[in-house]
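Protein chains get the first letters and strands the later ones, always in sequence-line order, with residue 1 at the start of each.
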Amino acid sequence: MALMLFNVLGRTIQEFVPLTPGQVTMYVCGPTVYDHPHIGHAKTYVAFDSLVRYLRSTGLNVLYVQNITDVGHLLDSGEDRILRKAAQTQARPMQIVETYTKSYFDAMDALGVGRPDISPRASGHIPEQIKMIETLVSKGFAYEAGGSVYFDVAKDPDYGKLSNRRLQEQESGTREAVRGDKRNPEDFALWKKAEPEHILRWDSPWGEGFPGWHIECSAMAKKYLGDTFDIHGGGIDNIFPHNESEIAQSECANDADFARYWLLVGSLTVDGIKMSKSLGNFTTIADALQRYQPGVIRMFMQSVHYSNPVDYSEGALDASARGWERIANAVRLVQQTLRSAPATDDGLHFSERLAAARAAFNTSLDDDFNTPGAIAVLQDLTREVNSLLNSGAAVGKAALEAIDATYRGTAGDVLGILPAGETAGAGSAQREAALIQLLIDLRTQARKAKNWAESDRLRDELAAIGVVLEDRADGTVWKVNG
RNA sequence: GGCGACGUGGCCAAGUGGCAAGGCAAAGCUCUGCAAAAGCUUGAUCACCAGUUCGAAUCUGGUCGUCGCCUCCA
């Protein structure tokens with residue numbers, strides 16, 4: 001079965017065929033590290049994390065590069081984002097970079113987002129960027145003006161092919177004020193001359209300055225993935241000018257196609273409006289994690305197709321949490337039942353159902369990474385697993401292990417929405433489990449004696465400290481609430 | 001103004017030509033000492049109008065509405 005992807009470049013659904021069989025090269029635009037990441041960032045990086053997990057689960061070898069932007073990303077005012085933050089907090093720019101790079105990775109780790117294979121920093125690749133700019137100048141695609149270098153969009157007939165913008169259409173709406181030294185208003189900076197107060201600066205053939213925002217991605221993608229690579233990802237909000245400019249720079253400099261498949265993720269919104277730093281309508285990932293488990297947040301974001309926007313609200317998260325719990329409860333029940341399951345083949349007929357679910361799961365993801373469809377498959381499976389386990393029929397160890405493995409291979413390894421699970425190895429956790437079991441045993445005795453007051457008291461007091469008991473026909477199981 | 005996405009049951013959402021997935025919420029039921037969990041049952045003239053077709057949520061044209069980008073954002 002072939003993976004089909006909607007390629008924004010060309011706006012068609014295409015079969016994904018890597019340049020090199022068995023190998024996938026992938027670049028995703030990373031964050032500018034001047035503040036804590038918010039859940040809008042999480043949506044994008046969770047999407048590509050799951051895509052990488054899926055590609056790897058099918059046996060592909062993925063090389064995943066995602067940059068850290070720590071220089072060159074300017075505000076409207078011309079101020080560098082990093083420098084402004086540094087000035088506000090009286091810190092050195094690279095302190096800011098370290099602080100928020102750590103914050104970013106901490107948040108991603110907490111969400112179960114795997115680290116990229118390479119996380120190159122823009123400031124660590126100044127020579128590569130200068131070299132690419134020199135190539136563009138020597139080929140006539142860029143020109144120097146007043147100590148800065150600009151890309152001459154008029155020289156690139158393909159400019160606009162990703163976002164479908166044509167120069168003449170844009171001309172009328174462009175403000176004169178942004179023209180400056182540029183030949184055309186649409187020309188964008190490859191290198192900017194540093195004013196005296198601009199302390200993030202490097203030597204270059206054009207004097208002291210700093211790189212433009214777009215060139216870092218072109219230079220670093222080339223360095224780690226080559227002139228042409230398979231997948232370029234990012235948020236849809238960067239399609240223009242950033243992604244468009246990346247293509248222009250790279251293809252003009254390298255005389256080769258840049259990314260072969262463009263996958264852009266829809267924005268996370270709040271009350272229908274895009275979550276963004278500038279609007280102030282953001283929730284940091286750390287704050288969201290205070291209220292919701294990582295699996296809940298991941299499931300919420302993946303309950304909508306990656307290319308669509310998803311509207312954030314506590315009500316929406318709560319609804320996702322309920323749906324997530326149903327799956328998580330079933331997985332936990334399987335694991336708990338497994339502990340005392342007989343080593344028989346009872347219930348192995350369910351394997352056929354598992355294979356069908358696994359196939360349906362992959363079919364959904366092969367269809368332009370349709371995660372809502374894949375989640376629906378898991379919901380269907382969960383209903384049947386619950387029916388099986390509650391039917392009273394004997395289910396042996398082999399069948400339970402097969403169910404567990406199916407959840408791990410789908411909800412766990414690919415979508416990353418399973419709870420961490422009780423790690424039986426940790427000493428204190430083991431002790432806690434034993435203590436809870438002791439209390440459950442006491443309560444079971446009380447229940448046998450029909451001492452409901454005592455049994456309810458034990459249950460209520462455990463609930464008060466976050467341990468929820470559920471009585472089943474074959475015994476009492478427990479879970480930690482929240 | 002230009003480019004792009006979208007409008008599916010109370011809410012979220014999949015579905016690109018052949019009887020409309022899934023989740024949340026609500027109601028009833030089953031199981032249970034009670035509770036919890038789980039299961040069963042109950043819901044849609046697919047924004048509107050006009051076309052194409054044997055047949056349209058799905059294709060074409062138009063209307064209305066929402067959002068993104070065009071200027072910093074994943």
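Scanning all heavy atoms of the two residues, the minimum distance from S218(A) to S250(A) falls at OG-OG, 2.9 Å. Across all non-hydrogen atoms, the minimal contact from D471(A) to R459(A) is OD2-NH1, 3.9 Å. The heavy-atom pair separating I96(A) from Y34(A) by the smallest distance is CG2-CA, 4.3 Å. Residues T101(A) and V97(A) come closest through the heavy atom pair OG1-O, 2.6 Å. For F48(A) against G233(A), the heavy-atom pair with the smallest separation is CZ-CA, 3.3 Å.
If you check every strand for non-hydrogen atoms under 4.0 Å, D471(A) touches a base. The residue L469(A) sits close to a base: some heavy atom pair falls under 4.0 Å. Contacts of R472(A) with the nucleic acid, taken as non-hydrogen atoms under 4.0 Å apart, are absent. Counting any heavy atom pair closer than 4.0 Å across all strands shown, G234(A) reaches sugar-phosphate atoms only and no base atom. Within 4.0 Å (heavy atoms only), V304(A) reaches sugar-phosphate atoms of the nucleic acid but no base atom. Residue G160(A) is classed as having no contact, given no heavy-atom separation below 4.0 Å to the nucleic acid. Across all strands, S387(A) comes closer than 4.0 Å only to sugar-phosphate atoms, never to a base (heavy-atom distances). When heavy atoms are screened at a 4.0 angstrom cut-off, L264(A) is found touching no nucleic acid atom at all.
Between N164(A) and rG4(B), a side-chain N or O to OP1/OP2 separation shorter than 4.0 Å is present. N386(A) has a side-chain polar atom (N or O) that falls below the 4.0 Å cut-off from OP1 or OP2 of rG39(B). Residue N308(A) places at least one side-chain N or O under 4.0 Å from the OP1 or OP2 atom of rA14(B).
Using a 4.0 Å cutoff on non-hydrogen atoms, the parts of residues 439-453 of chain A near RNA chain B are R443(A), R447(A), W452(A), ordered by number. Applying a 4.0 Å cut-off to non-hydrogen atoms, none of the residues of residues 101-121 of chain A approaches RNA chain B. Non-hydrogen atoms lying under 4.0 Å from RNA chain B are contributed by nothing in residues 241-249 of chain A.
Shown here, rA5(B) forms a base pair with rU66(B); the pair counts as Watson-Crick or G-U wobble because both key distances fall under 3.5 Å. Of the nucleotides present, rG18(B) is the one that pairs with rC54(B) by Watson-Crick or G-U wobble criteria, both distances under 3.5 Å. Summarising the base pairing, rG43(B) is matched to no nucleotide, lacking a Watson-Crick or G-U wobble pair whose two defining distances lie under 3.5 Å. The partner of rC24(B) is rG10(B), judged by Watson-Crick or G-U wobble contacts that both fall below 3.5 Å. Pairing for rA38(B) goes to rU30(B), judged as Watson-Crick or G-U wobble with the two contacts each under 3.5 Å.
The line from CD1 of I82(A) to CZ of F210(A) is 12.0 Å long, rounded to the nearest 0.5 Å. Note that CD1 of I39(A) and OG1 of T284(A) are 8.5 Å apart. Values are rounded to the nearest 0.5 Å. Note that CD1 of I436(A) and CG of D441(A) are 12.0 Å apart. Values are rounded to the nearest 0.5 Å.
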Summary of protein contacts for nucleotides 22-30 of chain B, nucleotide by nucleotide, where a base hit scores B, a sugar-phosphate-only hit scores S (4.0 Å, heavy atoms):
SSSS-----

Test side chain to side chain donor-acceptor pair (under 3.5 Å) on R11(A) and N164(A); report intermediate values, then the result.
CA-CA 10 Å; R11(A) 314 249 171 206; N164(A) 224 349; over 6 Å; no

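Heavy-atom distances to RNA chain B give each of H305(A) and K43(A) a nearest nucleotide, and the one nearer the 5′ end belongs to H305(A). Residue-to-nucleotide proximity on RNA chain B shows that, of I239(A) and S163(A), the 5′-proximal contact is made by S163(A).
With contacts defined as side-chain heavy-atom distances shorter than 4.5 Å, the pair Y306(A)/T44(A) does not qualify. Taking the side chain as every heavy atom from C-beta outward, H214(A) and P241(A) approach each other to under 4.5 Å. Side-chain contact between N67(A) and R121(A): absent, with no pair of heavy atoms (C-beta onward) separated by less than 4.5 Å. With contacts defined as side-chain heavy-atom distances shorter than 4.5 Å, the pair Y224(A)/T25(A) does not qualify.
The side chain of P372(A) sits closest to rA13(B) out of rA74(B), rA13(B), rG68(B). Of all nucleotides listed (rG68(B), rA74(B), rA35(B)), rA74(B) comes nearest to the side chain of H41(A). Of the candidates rA74(B), rG4(B), rC69(B), rC69(B) carries the atom nearest the F240(A) side chain, counting heavy atoms from C-beta on. Comparing rC70(B), rA74(B), rC34(B) against the side chain of T32(A) picks out rA74(B) as the nearest.
Partners of F369(A) under the ring-ring contact (aromatic ring centres under 6.0 Å, His included) rule, at least two apart in sequence or in another chain, do not exist in this structure.
For the pair R115(A) and F105(A), the distance from NZ or CZ to the six-membered ring centre is under 6.0 Å and the angle to the ring normal is within 45 degrees.
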Write out a two-atom table: protein N or O, nucleotide N or O from nucleotides 41-43 of chain B, distance below 3.5 Å.
none

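Taking atom P in both rA25(B) and rC67(B), one finds a spacing of 29 Å when rounded to whole Å. Only the C1' atoms considered, rG7(B) is 10 Å distant from rC46(B), to the nearest whole Å. rG15(B) sits 14 Å from rA44(B) when the C1' atoms are compared, rounded to a whole Å. Comparing rA57(B) with rU45(B), their P atoms sit 12 Å apart, to the nearest whole Å.
Remark: side-chain polar atoms of N7(A) are paired, donor with acceptor, to backbone N or O of W262(A) under 3.5 angstrom.
Note: F188(A) and H242(A) fail the aromatic proximity criterion, with ring centroids not under 6.0 Å apart.
A 6.0 Å sphere centred on NZ of K85(A) holds more than 12 heavy atoms belonging to other residues, nucleotides or ligands.
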